[in-house]
Each structure stands twice: as C-alpha cells, then as structure tokens.
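What follows is one structure encoded as structure tokens, with my remarks underneath.
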Amino acid sequence: MTGINYEHRREWVENRLFMLAEVYSVLIYAYAVMSNHLHVVLKTDASAAAGWSDEEVASR
C-alpha cells in the first residue's frame with residue numbers, strides 16, 4: 001500500500017454517477033463506492049428516453 005488517501009475522490013465518483021445516470025436515462029437502484037472500485041445496480045428508463053428527439057439522443 002502507498003498510504004495515500006484518495007477518499008476525496010468518493011464524492012466526485014458519486015456526483016459523476018448521478019450525472020451520467022441522468023444523461024443516459026438510467027435509474028440507480030443501489031450503489032457502493034469502494035476504495036478501488038464501485039458497484040452499481042441500475043435499470044434503463046426507456047419511458048424517459050422515448051420522448052427524446054433525434055437531436056437530443058445525438059447530443060447525449
């Protein structure tokens with residue numbers, strides 16, 4: 001072990017996870033940010049994406 005603490009990255013990972021879930025229209029049911037990896041249980045929200053225009057899909 002290096003002894004370097006990367007705990008400050010946990011908040012960044014959580015924020016990024018929620019931002020990406022919104023962009024890609026997925027529902028996050030559970031998640032766990034570990035020290036060296038993460039676990040995510042999610043589901044595609046097809047009903048939300050169904051209302052997107054072709055341009056919105058391309059921009060996402």
Side-chain angles (χ1 to χ4, degrees):
M1 289 260 167
T2 64
I4 300 172
N5 184 346
Y6 294 102
E7 189 65 28
H8 63 282
R9 294 182 181 177
R10 181 180 305 263
E11 183 179 357
W12 180 88
V13 170
E14 289 179 11
N15 292 337
R16 187 72 173 174
L17 179 64
F18 288 115
M19 186 275 300
L20 290 172
E22 185 176 328
V23 169
Y24 292 109
S25 187
V26 296
L27 302 171
I28 298 174
Y29 288 111
Y31 71 95
V33 180
M34 312 303 276
S35 62
N36 63 347
H37 67 284
L38 69 128
H39 296 266
V40 183
V41 178
L42 52 86
K43 177 184 175 189
T44 305
D45 186 3
S47 62
W52 294 349
S53 67
D54 291 344
E55 292 78 18
E56 188 171 6
V57 170
S59 72
R60 288 174 182 263

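Please read these numbers as outputs of a predicted model, since none were measured by experiment.
For F18, the CZ atom counts as densely surrounded, since its 6.0 Å shell holds more than 12 non-hydrogen atoms of other residues, nucleotides or ligands. Residue-environment remark: CD (E56) exceeds the threshold of 12 foreign heavy atoms within 6.0 Å.
Between H37 and H39, the ring-plane angle classifies as perpendicular under the 30° and 60° cut-offs.
Hydrophobic clustering, with ILVMFWY side chains joined whenever heavy atoms are under 4.5 angstrom apart, keeps V23 apart from W52. Note on V13: it clusters hydrophobically with V26, by side-chain heavy-atom contacts below 4.5 Å among ILVMFWY residues.
The distance from atom CG of L38 to atom OH of Y31, rounded to the nearest 0.5 Å, is 10.5 Å. The distance from atom OG of S25 to atom CG of L20, rounded to the nearest 0.5 Å, is 13.0 Å. Taking CZ from R60 and CD from E22, the interatomic distance works out to 7.0 Å, rounded to the nearest 0.5 Å. From S35, atom OG reaches atom CZ of R10 across 7.5 Å, with rounding to the nearest 0.5 Å.
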Criterion side-chain contact (heavy atoms from CB on, under 4.5 Å) on W12 and R16, from CA distance to verdict: CA-CA 6 Å; W12 180 88; R16 187 72 173 174; 4.2 Å; yes
